[in-house]
Amino acid sequence: MTTLNLETARAWYPGIDPVHGFEHVRRVYNMAEHLAVAAGADLEIVRAAALLHDAQGSHPGEGARHSHHEDSAEFAAEVLGEMGWTAERIHAVQHCIRAHRYRSQGDTPVTIEAKVLFDADKLDVLGAEGVARTIAYAIQAGQPVYEKPSQLFLAKWQEEPGEHHSAYHEYLFKLVRVKERLFTPEAKRIAEQRHQALVAYFEQLEGEEEGTR
């Protein structure tokens, strides 16, 4: 029987994608373990969900990120079913995966395991790694690292015609608010320092770009 671990998961992810590749999954897996222990969550559920949460739609250029959580949940059912997991525990893993997406219009985390995965995944968009991943994502998408946001964007989060959604735009739209969305006490504690590092970088970037720092 196949063992579900980091080495098993390596084949499901691009090795050189700095945004949603294997290294992201490795970090989320390790953080999820830490948060699960602190929260008293089911480690087997959390580990499986962390390994499988981006297994579909993670490759750069596929254009499938909007449904990757649903596709990954279906893939998880196949993998875990072949390993002999019960339907109840498969559904528990699927809920974690379906509810981990920040922009999701569907499931929100209900179980402690789902909250742990959500928090572990979101912590990876804060701090030094968050800066690196946000810039890498902008480059993958052919967008600039910095562009001065329009008043329309600042007021309604809508770009004007010809305006690019730069890494700085993503910081204003999403990253600066991530720590407010976290669920578990340990994740909130870790997020404080990472949030400060994130804000310091993007404020410095804005100042250098606009000639004020």
Reported [atom1]-to-[atom2] distance for the pair [X] and [Y], which is rounded to 0.5 angstrom:
X    : Y    : atom1 : atom2 : value
L51  : E7   : CG    : CD    : 10.5 Å
Q56  : S72  : CD    : OG    : 5.5 Å
L205 : I135 : CG    : CD1   : 7.0 Å
D119 : L182 : CG    : CG    : 4.5 Å
L35  : I190 : CG    : CD1   : 5.5 Å
C96  : K115 : SG    : NZ    : 11.5 Å

Tell me which pairs pass salt bridge (charged side-chain N to carboxylate O under 4.0 Å, His left out) where either residue lies in residues 27-39, with sequence neighbours left out.
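Residue pairs with at least one partner in residues 27-39: R27-D124, R27-E129, E33-R47.
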Pair listing, salt bridge (charged side-chain N to carboxylate O under 4.0 Å, His left out) test, anchored in residues 183-206, at least two apart
K179-E192, E186-R189, E203-R213
With no hydrogens and no angle check, just 3.5 Å: does a side-chain donor-acceptor pair link E170 and T134?
no
What pairs of donor and acceptor atoms, side-chain ones from residues 155-162 against any protein atom, are under 3.5 angstrom apart with sequence neighbours left out?
unit_1: E159; atom_1: OE2; unit_2: H165; atom_2: ND1; d: 2.5

Heavy-atom check, side chain of [X] versus side chain of [Y], under 4.5 Å:
X    : Y   : result
L117 : V28 : yes
L4   : E44 : no
W85  : V93 : yes

Which atom of [X] lies closest to which atom of [Y], heavy atoms considered:
X    : Y    : answer
L126 : L175 : CD2-O, 3.7 Å
A76  : L52  : CB-CD1, 3.8 Å
E163 : S150 : OE1-OG, 2.6 Å
L43  : A36  : CD2-CB, 3.8 Å
Q94  : E74  : NE2-OE2, 3.9 Å
T108 : A99  : C-CB, 3.6 Å

Identify whether V110 and V116 are in the same connected component of the hydrophobic contact network (ILVMFWY, side-chain heavy atoms under 4.5 Å).
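No, separate clusters.
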Are L6 and V37 linked, directly or through intermediate hydrophobic residues, by side-chain heavy-atom contacts shorter than 4.5 Å (ILVMFWY only)?
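As far as the 4.5 Å side-chain criterion goes, L6 and V37 are not connected within one cluster.
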Heavy-atom count check: over 12 atoms from other residues, nucleotides or ligands less than 6.0 Å from E88 CD?
no
Taking the basic N atoms (NZ, or NE/NH1/NH2) and the acidic carboxylate oxygens, is any pair closer than 4.0 Å for R177 and E180?
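Here R177 does not pair with E180 in a salt bridge, since their nearest N and O are not under 4.0 Å apart.
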Pairs touching residues 178-213 that satisfy ring pair (Phe, Tyr, Trp, His ring centres under 6.0 Å), sequence neighbours left out:
F118-F183, Y171-F202
Step by step, work out the side chain to side chain contact (heavy atoms under 4.5 Å, CB included) result for L198 and V125.
CA-CA 9 Å; L198 180 85; V125 299; over 6 Å; no
Can you list the residues that meet the side chain to side chain contact (heavy atoms under 4.5 Å, CB included) rule with P144, with sequence neighbours excluded?
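Partners of P144 by the side chain to side chain contact (heavy atoms under 4.5 Å, CB included) criterion, ordered by chain and then number, come out as E147, H164, S166.
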May I ask you to check whether Y13 and H20 place their ring centers less than 6.0 Å from one another?
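Ring centroids of Y13 and H20 are no less than 6.0 Å from each other.
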Centres of the F22 and W12 rings: under 6.0 Å?
no
Evaluate side-chain hydrogen bond (donor to acceptor under 3.5 Å, both in side chains) for H95 paired with E113, printing each intermediate quantity in order.
CA-CA 9 Å; H95 169 61; E113 291 77 24; over 6 Å; no
For N30, check side-chain hydrogen bond (donor to acceptor under 3.5 Å, both in side chains) against everything at least two apart and list the hits.
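Not a single residue meets the side-chain hydrogen bond (donor to acceptor under 3.5 Å, both in side chains) criterion with N30.
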Going through the distances and angles, do Y29 and V46 end up as a side chain to side chain contact (heavy atoms under 4.5 Å, CB included)?
CA-CA 8 Å; Y29 178 84; V46 168; over 6 Å; no
Tell me whether R133 contacts the main-chain N or O of V19 through its side chain, where contact means a donor paired with an acceptor under 3.5 Å.
yes
Can you classify the ring geometry of F173 versus F153 as parallel (below 30°), tilted (30 to 60°) or perpendicular (above 60°)?
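Tilted, since the angle between the ring planes falls between 30° and 60°.
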Against D121, only a single residue in R101, M31, H24 fulfils side-chain contact (heavy atoms from CB on, under 4.5 Å); can you say which?
H24
